[in-house]
Amino acid sequence: MPAIPPRTFINSIIWVNGILYLISLVFSGAGLGLTLNPLNALSPSIEALTFLGASGTIPIDHYQAWWTLLTANWLHGSLLHIIFNMIALRNVAPLVIHEFGAARMFSIYTLTGAAGFYLSYLGRVPLTIGASAGLCGLIGALLFFGKTRGGTWAGQVFGQTKAWIFSLVIIGFLIPNINNWGHGGGLAAGVVLAMVLGYNDRRRENAADKLLASGLGLATLFFILRAVVEGVGLILFG
């Protein structure tokens, strides 16, 4: 992956999420959810989200769409959903990039998202989307860093990640339709991947890290663009 400023890299991820959210609204057509309920305001239709790459038992069992384990991380179910997740990403991702580097951060974000959605599939969740599984993976990586590195700074990071995890547990119990399978799977996978990939104080990022992140990025982009192009074709040509 090219060396770009962390802020630019994070903003690029946010922009992709935002563009895909707008595309999902366009693809929803008359099925767009218009409601005064803030939890569901501007909700894309189930059909649009499924077409673009939502994961769960419906896409995987009915259509054998295992690729949705990658794409679901980039889709959101309402305006509040995407705003909340992107604010969380702006808070968590810079810390992960600082300690792991941009390439390892992206790999952790992508692979823990996939792990969270896979656990959701095993938990028989019918349809699931959102960046929160990958975000929990980043938090899991920081939890491992804070616990194993030692020192004042690591202790502060560990304390912050425990607070984030506590908030996730509370949100999971209080807000309906939260995918706790995805959150738990992402968090556990983040700890494991941080252990496997290491952080900067153990080893610096190398070409293999960048190759892995680039491969994951290209694979995700391929599946997302394929769905978008097919959807535009259906809209224009029926």
Side-chain angles (χ1 to χ4, degrees), residues 1-18 69-70 72-74 76 82-117 119 130-169 171 182-217 219-220:
M1 295 181 67
I4 59 176
R7 182 183 296 273
T8 302
F9 184 62
I10 295 166
N11 285 341
S12 299
I13 295 175
I14 292 172
W15 271 103
V16 173
N17 276 275
L69 297 176
L70 292 177
N73 214 26
W74 300 82
H76 291 86
I82 188 171
I83 289 175
F84 181 85
N85 277 346
M86 293 305 100
I87 290 174
L89 182 68
R90 286 186 69 91
N91 286 325
V92 176
L95 277 174
V96 182
I97 290 177
H98 185 266
E99 303 303 339
F100 291 82
R104 279 182 288 189
M105 172 264 167
F106 186 79
S107 294
I108 292 169
Y109 178 70
T110 303
L111 291 173
T112 58
F117 293 125
L119 187 61
S132 55
L135 284 167
C136 287
L138 297 182
I139 292 172
L142 288 174
L143 186 71
F144 177 81
F145 165 81
K147 183 66 174 177
T148 60
R149 180 186 180 274
T152 302
W153 166 243
Q156 292 173 348
V157 172
F158 186 66
Q160 178 62 69
T161 53
K162 287 195 298 183
W164 282 333
I165 292 168
F166 178 76
S167 299
L168 285 167
V169 172
I171 290 171
H183 288 181
L187 184 69
V191 173
V192 172
L193 276 175
M195 187 187 310
V196 172
L197 296 177
Y199 45 81
N200 288 334
D201 285 337
R202 291 189 168 183
R203 69 170 184 85
R204 307 301 296 182
E205 266 192 348
N206 56 35
D209 296 316
K210 296 176 181 179
L211 183 62
L212 174 61
S214 297
L216 290 170
T220 304

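Count residues from 1 along the sequence.
In this structure the side chain of Y109 never reaches within 4.5 angstrom of the side chain of V96, judged on heavy atoms. Residues F144 and K147 form no side-chain contact, since every pair of their non-hydrogen atoms from C-beta on lies 4.5 Å or further apart.
Residues satisfying the salt bridge (charged side-chain N to carboxylate O under 4.0 Å, His left out) criterion with R203, sequence neighbours excluded, are D209. Applying the side chain to side chain donor-acceptor pair (under 3.5 Å) criterion to N17, with sequence neighbours excluded, gives no partner residue. Partners of H183 under the ring pair (Phe, Tyr, Trp, His ring centres under 6.0 Å) rule, at least two apart in sequence or in another chain, do not exist in this structure.
Across every non-hydrogen atom of N73 and F117, the tightest pair is N-CE1, 3.5 Å. Heavy atoms only, all atoms of each residue included: M86 and A131 are closest at CE-CB, 4.0 Å. Residues M105 and A93 approach most closely at CE-CB, 3.7 Å, considering heavy atoms. Counting all heavy atoms, side chain and backbone alike, G116 lies closest to A133 at CA-CB, 4.3 Å.
Interatomic distance, CG of N85 versus CD1 of I14, reported as 10.5 Å (0.5 Å rounding). If you take CG on L135 and CZ on F84, they are separated by 9.0 Å, rounding to the nearest 0.5 Å. The CD1 atom of I139 sits 12.5 Å away from the CD1 atom of I108 when rounded to the nearest 0.5 Å. Note: L143 CG to C136 SG = 11.5 Å, rounded to the nearest 0.5 Å. Taking CG of N206 as the start and CG of L212 as the end, the distance is 10.5 Å to the nearest 0.5 Å.
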Cut-off 3.5 Å, no hydrogens considered: what does the side-chain donor-acceptor table look like for residues 158-168, sequence neighbours left out?
unit_1 : atom_1 : unit_2 : atom_2 : d
T161   : OG1    : V157   : O      : 3.1
T161   : OG1    : F158   : O      : 2.8
S167   : OG     : A163   : O      : 3.1

Would you mind writing out the side-chain donor-acceptor pairs for residues 4-13 within the sub-3.5 Å range, not counting sequence neighbours?
unit_1 : atom_1 : unit_2 : atom_2 : d
N11    : OD1    : R90    : NH1    : 2.6
N11    : ND2    : R7     : O      : 3.3
S12    : OG     : T8     : O      : 2.8

If you look only at distance, which donor and acceptor atoms sit under 3.5 Å apart when one is on a side chain in residues 192-200 and the other is two or more places apart or in another chain?
unit_1 : atom_1 : unit_2 : atom_2 : d
Y199   : OH     : T148   : OG1    : 2.9
Y199   : OH     : R149   : N      : 3.4
Y199   : OH     : R202   : NE     : 3.4
N200   : OD1    : R104   : NH2    : 2.7
N200   : ND2    : H98    : O      : 3.1
N200   : ND2    : E99    : O      : 3.2

*Stepwise, does the side chain to side chain contact (heavy atoms under 4.5 Å, CB included) test hold for L138 with L95?*
CA-CA 9 Å; L138 297 182; L95 277 174; over 6 Å; no
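Each side-chain hydrogen bond (donor to acceptor under 3.5 Å, both in side chains) pair with one or both residues in residues 133-145, not counting sequence neighbours, would appear here, but there are none.
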